[in-house]
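Below is one structure, written out as C-alpha cells; comments come after it.
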Number of protein chains: 2
Amino acid sequence: MKLATIGSIILFHRKQAGLSQKELSDLAEIGKTAVFDLEKGKSNFRIETLLKICSILNIKLEFQSPLMEYWRKNES
Amino acid sequence: MKLATIGSIILFHRKQAGLSQKELSDLAEIGKTAVFDLEKGKSNFRIETLLKICSILNIKLEFQSPLMEYWRKNES
DNA sequence: GTAATATTGCTGGTTTGGCGGTAATTTATT
DNA sequence: AATAAATTACCGCCAAACCAGCAATATTAC
C-alpha cells in the first residue's frame with residue numbers, strides 16, 4: 001500500500017459521494033489542503049487526518065495478517 | 001478504529017514476532033520513540049510510520065467500503 | 001543475589017504536516 | 001461568450017510528529 005494508492009481511493013469515494021474537496025474537508029473538520037495533498041499522494045499525512053476522512057466517506061480500515069484472528073481486544 | 005487500537009495491534013504483532021521495540025524500530029528505519037508512542041496510543045502519527053512498521057510485521061492495510069469493488073487502479 | 005536487557009519516561013532540537021489566505025487554472029453552468 | 005464554482009498551486013506560520021540521547025525503572029537471565 002502506497003500513499004498514492006490511498007489518495008486514489010479517497011478521490012474515488014469522494015467523487016462517488018458527490019462532494020467537493022471543500023465540502024469533504026469541512027465535514028471531516030480538516031483543512032482543504034489536507035484533502036488536496038492526500039488525493040495527490042503529495043505528502044505524508046497523519047493517521048487522524050485519514051481516519052476523519054474515511055469516517056465521512058464510510059470507509060473502514062482493516063488490518064490483515066495471519067495473527068489478527070488471535071488478537072483480542074481487552075477493552076474498549 | 002482508534003489510535004489506541006492500532007497501537008494494540010502493533011504491540012501484539014511485535015511480541016509475536018519476538019522483537020523488542022528497538023529491534024522493530026531499527027528494522028522499520030524509524031526512531032524507537034515512534035514505536036513506543038504508537039503502542040501507547042500516545043500521539044497521532046504519520047502514515048509512513050505506520051506503513052513501515054506494518055511492512056516489517058507483515059500486516060496488510062485494507063480499505064473496506066461498498067464502493068471498493070468498483071474501484072480500479074489505473075496504473076501502478 | 002547480580003548483571004544484562006527491555007521498557008518507559010523526559011528533554012531539546014529538527015523536520016514536516018496542516019492550516020488559512022491568496023491566486024491561477026480548470027471545469028461547469030448560464 | 002461570460003460567469004461561477006471547483007480544483008490546483010504556492011506561500012508563511014504554527015503545532016506536532018519524530019529523532020537521539022540519557023536516565024530510571026521493570027523485566028529477564030545467569
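Lettering follows sequence order; numbering is per chain, from 1. Since we're looking at a predicted model, the values are computed, not measured.
Atom NZ in K42(A) sits roughly 16 Å away from atom P in dT7(D) (whole-Å rounding). Separating the CZ atom of R46(A) from the C1' atom of dT15(C) is a distance of 11 Å, rounded to the nearest angstrom. As rounded to whole Å, 14 Å separates atom P of dA17(D) from atom CD1 of I53(B). For the pair K22(B) NZ and dC19(D) C1', the computed distance is 12 Å after rounding to whole Å. Rounded to an integer number of Å, the gap from F45(B) CZ to dC18(D) C1' is 13 Å. At whole-Å resolution of the value, NZ in K40(B) and C1' in dA26(D) are 12 Å apart. Atom-to-atom, CG of L51(A) to P of dG18(C) comes out at 12 Å; the value is rounded to the nearest Å. Nucleotide dC18(D) holds its C1' atom 10 Å from the NZ atom of K52(B), rounded to whole Å.
Looking at W71(B) and S65(B), their side chains never bring a donor and an acceptor atom within 3.5 Å of each other.
Side-chain proximity of Q21(A) to the nucleotides dT7(C), dT7(D), dA9(D) is greatest for dT7(D). Proximity note for S20(A) (side chain, C-beta onward) versus dT16(C), dA6(D), dA9(D): the nearest is dA6(D). Taking every side-chain heavy atom of F36(A) into account, dA9(D) is the closest of dA9(D), dC19(D), dA16(D).
Residues L3(A) and N44(A) share a closest heavy-atom pair of CD1-CA, 3.9 Å. Closest approach of I56(A) to L27(A), counting heavy atoms only: CD1-O, 3.5 Å. Summarising the geometry of V35(A) relative to S25(A), their closest heavy-atom pair is CG2-CB, 3.8 Å, with the distance given to 0.1 Å.
Regarding contacts with the backbone of dA6(C), every side-chain N or O of R14(B) stays at 4.0 angstrom or more from both OP1 and OP2. The side chain of T49(B) contributes an N or O atom lying less than 4.0 Å from OP1 or OP2 of dC18(D). Contact between the side-chain N/O atoms of T33(B) and the OP1/OP2 oxygens of dA20(D) is not found at any separation under 4.0 Å.
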Report the C-alpha distance between R14(A) and E23(A) in whole Å, list the side-chain angles of each, state the deciding distance to 0.1 Å, and finish with yes or no for salt bridge (Lys or Arg N to Asp or Glu O under 4.0 Å).
CA-CA 10 Å; R14(A) 177 175 66 79; E23(A) 288 171 330; over 6 Å; no
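When heavy atoms are screened at a 4.0 angstrom cut-off, K32(B) is found touching base atoms of the nucleic acid.
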